[in-house]
Amino acid sequence: MDCYTANWNPLGDSAFYRKYELYSMDWDLKEELRDCLVAAAPYGGPIALLRNPWRKEKPASARPVLEIYSASGMPLASLLWKSGPVVSLGWSAEEELLCVQEDGVVLVYGLHGDFRRHFSMGNEVLQNRVLDARIFHTEFGSGVAILTGAHRFTLSANVGDLKLRRMPEVPGLQSAPSCWTTVCQDRVAHILLAVGPDLYLLDHAACSAVTPPGLAPGVSSFLQMAVSFTYRHLALFTDTGYIWMGTASLKEKLCEFNCNIRAPPKQMVWFVLDEDSYLVPELDGVRVFSRSTHEFLHEVPVASEEIFKIASMAPGALLLEAQKEYEKESQKADEYLREIQELGQLPQAVQQCIEAAGHEHWPDMQKSLLRAASFGKCFLDRFPPDSFVRMCQDLRVLNAIRDYHIGIPLTYSQYKQLTIQVLLDRLVLRRLYPLAIQICEYLRLPEVQGVSRILAHWACYKVQQKDVSDEDVARAINQKLGDTPGVSYSDIAARAYGCGRTELAIKLLEYEPRSGEQVPLLLKMKRSKLALSKAIESGDTDLVFTVLLHLKNELNRGDFFMTLRNQPMALSLYRQFCKHQELETLKDLYNQDDNHQELGSFHIRASYAAEERIEGRVAALQTAADAFYKAKNEFAAKATEDQMRLLRLQRRLEDELGGQFLDLSLHDTVTTLILSGQNKRAEQLARDFRIPDKRLWWLKLTALADLEDWEELEKFSKSKKSPIGYLPFVEICMKQHNKYEAKKYASRVGPEQKVKALLLVGDVAQAADVAIEHRNETEMSLVLSHCTGATDGATADKIQRARAQAQKK
């Protein structure tokens with residue numbers, strides 16, 4: 001243990017720091033780091049170097065080279081820089097490289113040097129050029145802060161949703177500040193800058209002067225400043241050689257010390273850096289890389305300190321010693337174990353060893369601590385195994401990604417903060433699909449979150465391999481993916497289309513089971529006819545309508561109609577649409593198809609919907625009649641001609657009699673004439689349109705009853721024998737609550753309806769006599785149902801006796 005703590009360095013009385021080597025860097029750098037623009041992503045991310053930056057001492061003909069390496073120095077990409085001068089490099093949270101140019105344009109590259117997009121920081125930045133820039137990270141995403149030649153700041157807190165903010169002007173600022181940085185407080189990004197001995201904090205609304213509490217006197221300038229990874233703490237390097245450290249809000253001082261260095265450091269991340277190295281601030285420490293090595297400096301975790309510090313009697317330290325003695329088959333193992341158990345600290349000892357194992361970088365030490373934890377668990381009855389199993393799994397994943405060929409040196413704390421999903425995303429970004437799948441299977445992640453998602457990314461990468469034929473790519477993707485849940489072939493096809501491989505996209509869509517996902521992409525690819533076929537196969541009418549409207553806008557009228565003729569279902573749906581939205585188009589469809597029957601119906605509807613003048617309506621009906629004749633539908637043609645005659649007659653009646661006749665039906669016209677006292681005209685109209693006698697009698701009976709013209713009704717009933725009988729007269733009179741008139745017609749009702757008529761007028765006794773006379777069981781039952789109370793008791797008895805006599809016979 002003494003040897004193990006040899007690289008520990010105390011900081012005060014309460015903490016130790018240690019530095020260990022992550023990788024031996026084998027990259028072949030042709031220039032020093034100091035001669036390059038350098039950007040390293042946090043969480044064990046990649047390193048970008050822009051060789052030969054624009055400097056006066058460099059020849060004008062030398063083109064810069066942008067190179068991207070993994071954290072272990074493995075080359076990922078190299079490209080000749082052909083754009084403008086670059087002021088700053090930085091990595092986004094999604095591991096996209098942001099290159100801020102002097103003209104304010106930010107170029108975005110992928111991990112493998114593929115160009116993604118670009119955006120501008122605004123016209124003001126373009127006009128005044130960029131003096132300096134910072135790429136920073138917030139909870140909303142990755143941001144860019146710019147210092148222009150006019151000594152003004154422009155900031156965007158999230159490059160994924162670009163919203164530029166021009167920060168307030170700093171009073172009296174005539175030259176570039178000696179140092180500045182971005183600070184995030186209360187979910188808002190601020191600029192902290194130093195002008196001589198003064199500090200200013202800029203937000204979106206104001207510029208405020210701030211003063212660090214407890215700062216040593218005599219400071220005339222701040223030379224460097226650094227904010228912590230979490231934006232909680234701030235360090236200021238002054239021209240007096242002092243470093244002040246406190247909270248980022250500048251409300252509390254943590255400490256201040258003299259480092260005896262007056263020259264400003266090249267880089268400061270809470271301590272001073274020599275020129276041959278580069279610092280990468282991390283969540284729990286600092287990565288330090290140079291031409292030859294890549295190291296990690298951090299505070300020794302509490303669990304590790306408790307176990308490994310000299311002469312430690314912590315339960316974890318004793319358990320580790322007990323396990324080692326047990327392997328030596330020494331009785332000291334029992335002594336150490338009994339000491340822990342007597343203090344009741346065995347569960348704590350096991351937990352300490354598990355926790356310390358997570359913070360160790362070297363697998364041998366991890367195994368030693370985990371063996372100690374496993375040894376201690378054997379003497380506990382109810383120690384939950386979850387934490388031990390989970391740590392074993394996490395360490396296996398961490399050791400796999402820390403491998404030199406992978407080059408992601410995450411610590412346990414960083415891994416937990418990053419989450420497994422983000423780690424998988426980063427493996428996918430590096431195209432390490434087999435390793436990502438192995439991790440998913442090992443951790444037994446749900447397919448939709450794990451293997452399926454990674455396979456989908458693999459497929460999207462596969463379609464970009466243009467040296468392989470469309471057939472081979474589509475077949476390979478389908479063989480690999482099959483019907484894997486959570487995989488969308490339409491998303492993969494969209495990527496193929498974006499790469500200019502339309503035929504491959506169509507082949508991939510054949511594997512997509514959801515038509516709702518196929519159709520939109522086919523429309524985007526201008527394969528509308530194929531999209532229409534797929535929409536019809538799906539049976540989704542909304543989808544068919546979507547394609548039809550797209551086709552209508554894309555094709556000329558003739559081609560559109562010809563396409564519809566080949567798709568009966570689509571044609572039918574489009575007709576339904578036109579009936580409600582585009583009547584003229586519907587007429588054109590009928591004309592093109594020589595569908596005279598539907599064309600006639602169209603003109604009939606149009607005559608009433610669009611024409612207000614009687615002449616126009618009649619003309620439209622004539623057109624409809626002609627269409628019906630062409631369709632050989634003589635009934636419809638004759639009915640249309642009758643309607644034309646009726647319209648002309650109704651116009652004449654309005655002119656002669658006044659009142660409202662237009663648009664009434666034939667029956668309503670006859671009724672209106674009768675109600676107006678025009679009986680002869682009504683009879684003439686009935687003859688002209690061959691209204692049957694029965695229907696005419698009903699119309700006249702109803703109209704006269706509504707008028708309560710009982711005298712005329714009686715005359716009408718005696719004009720000739722009623723073709724509808726006289727029971728309707730009884731019913732109509734009773735409906736008008738006129739029993740007196742009803743009784744007149746009840747006596748004239750035929751024998752077969754006599755009982756019903758008498759019951760309608762309330763003559764139960766006479767109805768009983770008629771029913772008994774007819775010896776009709778049904779009629780007698782009907783009369784009995786109308787007998788109520790004592791008043792009809794005699795009648796009911798009479799019917800019952802008649803029934804009994806009939807049964808004896």
Side-chain angles (χ1 to χ4, degrees), residues 604 621 625 628 633-650 652-654 657 659-763 766-767 770-771 774 776 778-779 782:
I604 287 177
L621 288 173
F628 286 134
N633 188 343
E634 292 190 7
F635 171 78
K638 293 291 185 185
T640 305
E641 290 175 344
D642 286 344
Q643 180 64 18
M644 292 160 57
R645 283 198 301 136
L646 180 61
L647 283 173
R648 294 190 186 101
L649 178 61
Q650 288 174 336
R652 190 165 64 250
L653 289 173
E654 284 190 357
L657 303 176
Q660 180 67 38
F661 285 93
L662 271 176
D663 293 332
L664 294 178
S665 67
L666 178 60
H667 288 179
D668 289 344
T669 304
V670 172
T671 301
T672 303
L673 286 171
I674 295 171
L675 291 173
S676 304
Q678 301 293 327
N679 292 319
K680 290 184 178 181
R681 283 181 180 268
E683 291 171 0
Q684 183 61 45
L685 183 61
R687 287 193 295 271
D688 290 345
F689 286 89
R690 298 178 182 177
I691 297 178
D693 278 353
K694 286 186 177 181
R695 195 175 306 165
L696 179 61
W697 272 67
W698 265 108
L699 292 173
K700 197 164 185 179
L701 168 61
T702 305
L704 291 173
D706 288 341
L707 287 172
E708 297 187 355
D709 191 349
W710 308 115
E711 184 178 347
E712 185 63 31
L713 181 61
E714 188 173 358
K715 288 180 183 179
F716 171 61
S717 69
K718 294 177 180 178
S719 60
K720 65 176 184 178
K721 184 178 179 181
S722 171
I724 59 174
Y726 292 97
L727 180 62
F729 284 80
V730 178
E731 292 173 338
I732 291 294
C733 290
M734 289 305 296
K735 188 176 179 181
Q736 295 293 333
H737 308 292
N738 194 333
K739 187 185 289 189
Y740 175 77
E741 292 293 333
K743 285 183 177 181
K744 291 181 181 180
Y745 303 108
S747 60
R748 299 169 64 182
V749 174
E752 65 279 359
Q753 295 178 325
K754 192 79 169 180
V755 172
K756 187 174 181 181
L758 291 170
L759 289 173
L760 283 172
V761 297
D763 196 343
Q766 190 174 352
V770 174
H774 291 169
N776 188 313
T778 303
E779 290 181 348
L782 181 62

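Both backbone and side-chain heavy atoms feed into the values below; hydrogens, waters and symmetry mates do not.
When side chains are defined from C-beta on, Glu731 counts as touching Lys756, because their heavy atoms get closer than 4.5 Å. Residues Trp710 and Cys733 meet the side-chain proximity criterion, which asks for heavy atoms closer than 4.5 Å.
Among residues at least two apart or in separate chains, there is no salt bridge (charged side-chain N to carboxylate O under 4.0 Å, His left out) pair with a member in residues 671-680.
Here the straight-line distance linking atom NZ of Lys735 with atom OG1 of Thr702 works out to 7.5 Å at 0.5 Å rounding. Atom CG of residue Asp706 and atom CD1 of residue Ile732 lie 7.5 Å apart, to the nearest 0.5 angstrom.
Looking at residues two or more places apart in sequence or on another chain, you find no salt bridge (charged side-chain N to carboxylate O under 4.0 Å, His left out) involving Glu634. For Phe628, there are no ring pair (Phe, Tyr, Trp, His ring centres under 6.0 Å) partners two or more places apart in sequence or in a different chain.
Closest heavy-atom contact between Ala625 and Ala637: O-CB, 3.9 Å.
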